[in-house]
Amino acid sequence: MMNSQPNTIEELMQRANDMAGVTLGDVAMEHNTPVPANLKRDKGWIGQLIEMELGATAGSKPQQDFLHLGVELKTIPIDHNGRPIETTYVTVAPLTNIQGLTWEQSVVCHKLSQVLWIPVEGDRSIPVGERRIGSPVLWRPNANEAHALQQDWEEIMELITMGKVDKVTARHGEVLQLRPKAANSKALTESIAEDGTVKLSNPRGFYLKINFTHQILTNAFN
DNA sequence: GAATGATCATTC
DNA sequence: GAATGATCATTC
């Protein structure tokens with residue numbers, strides 16, 4: 001069961017605000033969806049449940065969840081202090097055909113231009129169905145945040161362009177990092193070699209670091 | 001394999 | 001306890 005697409009940001013925010021304080025179990029019941037005992041084999045379950053509730057366009061397209069509203073949806077697990085428990089996946093990193101690609105043209109920039117954050121209790125000691133949804137945060141990066149993101153993105157993409165993708169670790173970047181994003185460490189995709197030819201590497205994704213998303217949530221509630 | 005949704009689990 | 005590298009389910 002899927003709610004209809006919201007027509008305006010106001011409508012989207014009203015739905016998001018209506019979820020605040022509600023448990024995942026309550027939302028799941030509305031959608032006749034069984035609640036998993038844990039997320040080991042259902043890592044995307046919460047995200048997909050919230051998509052149903054808010055009427056996000058289901059699909060695997062590399063674009064914002066609410067394209068007509070210019071909004072990307074992200075659920076984010078938080079601990080009892082409101083600090084994010086996990087980094088936030090943004091998108092797959094392009095490893096080929098990237099000559100001339102600018103920050104402004106990048107999928108990272110587009111997806112992060114406006115994000116609706118839905119905090120959800122993520123402590124593993126709380127049964128999934130009893131975890132409560134928090135107050136939503138509609139965020140647009142301010143000048144400092146946009147600059148930090150662009151800096152990291154440009155530094156990482158430069159290394160990829162130079163054929164050094166396999167030398168980039170999660171330690172690169174202040175707010176944005178590159179990490180594996182694949183079924184497992186054996187998965188391969190084309191990338192650029194140091195001599196400019198094509199080679200194979202483990203697919204990577206861009207992730208937002210915890211300190212960055214924590215600041216976003218903190219700024220919104222203070 | 002590639003894209004979505006992410007969290008798990010081992011290592012620091 | 002936090003962060004990095006590894007992994008899971010699903011769709012096409």
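Every chain is numbered from 1 and lettered A, B, ... according to where its sequence line falls, protein lines coming before strand lines.
At least one side-chain nitrogen or oxygen of A:Lys111 sits closer than 4.0 Å to the OP1 or OP2 atom of B:dT4. In this model, the phosphate group of B:dC12 is not approached by any side-chain N or O of A:Arg171 to a distance below 4.0 Å at OP1 or OP2. Note on A:Arg124: a side-chain N or O is less than 4.0 Å away from OP1 or OP2 of B:dC8. Using a 4.0 Å cut-off, no side-chain N or O of A:Thr87 falls inside it from OP1 or OP2 of C:dT4. For C:dA9, the OP1/OP2 oxygens have a side-chain nitrogen or oxygen of A:Arg41 closer than 4.0 Å. The side chain of A:Thr91 contributes an N or O atom lying less than 4.0 Å from OP1 or OP2 of B:dT4.
A salt bridge does not link A:Arg131 to A:Asp123: none of the charged nitrogens lies less than 4.0 Å from a carboxylate oxygen.
Atoms OH (A:Tyr89) and P (B:dT7) sit 13 Å apart, rounded to a whole Å. Distance A:Ile126 CD1 to B:dT7 P: 14 Å, rounded to the nearest Å. Spacing between atom NZ of A:Lys43 and atom P of C:dT11 amounts to 18 Å, rounded to whole angstrom units.
Using a 4.0 Å heavy-atom distance criterion, A:Arg83 is classed as a sugar-phosphate-only contact. A:Gly44 comes within contact range of at least one nucleobase, with a heavy-atom separation under 4.0 Å.
Donor-acceptor pairing under 3.5 Å is lacking for the side chains of A:Arg204 and A:Ser191.
Residues A:Leu73 and A:Trp45 share a single hydrophobic cluster, defined by chaining ILVMFWY side chains whose heavy atoms lie under 4.5 Å apart.
Here the side chain of A:Glu86 is nearest to one of B:dG5, B:dC8, C:dT7, namely B:dC8. Nearest to the side-chain atoms of A:Thr75 among the listed nucleotides B:dA6, B:dG5, B:dA3 stands B:dA6.
Remark on DNA chain C: of its neighbouring residues A:Lys209 and A:Gln48, the 5'-side contact belongs to A:Lys209, judged by nearest-heavy-atom nucleotide. Two residues, A:Asp65 and A:Arg131, neighbour DNA chain B, and the one matched to the more 5' nucleotide by heavy-atom proximity is A:Asp65.
Counted within 6.0 Å of CD on A:Glu155, heavy atoms from surrounding residues, nucleotides or ligands total more than 12; the atom is thus considered enclosed.
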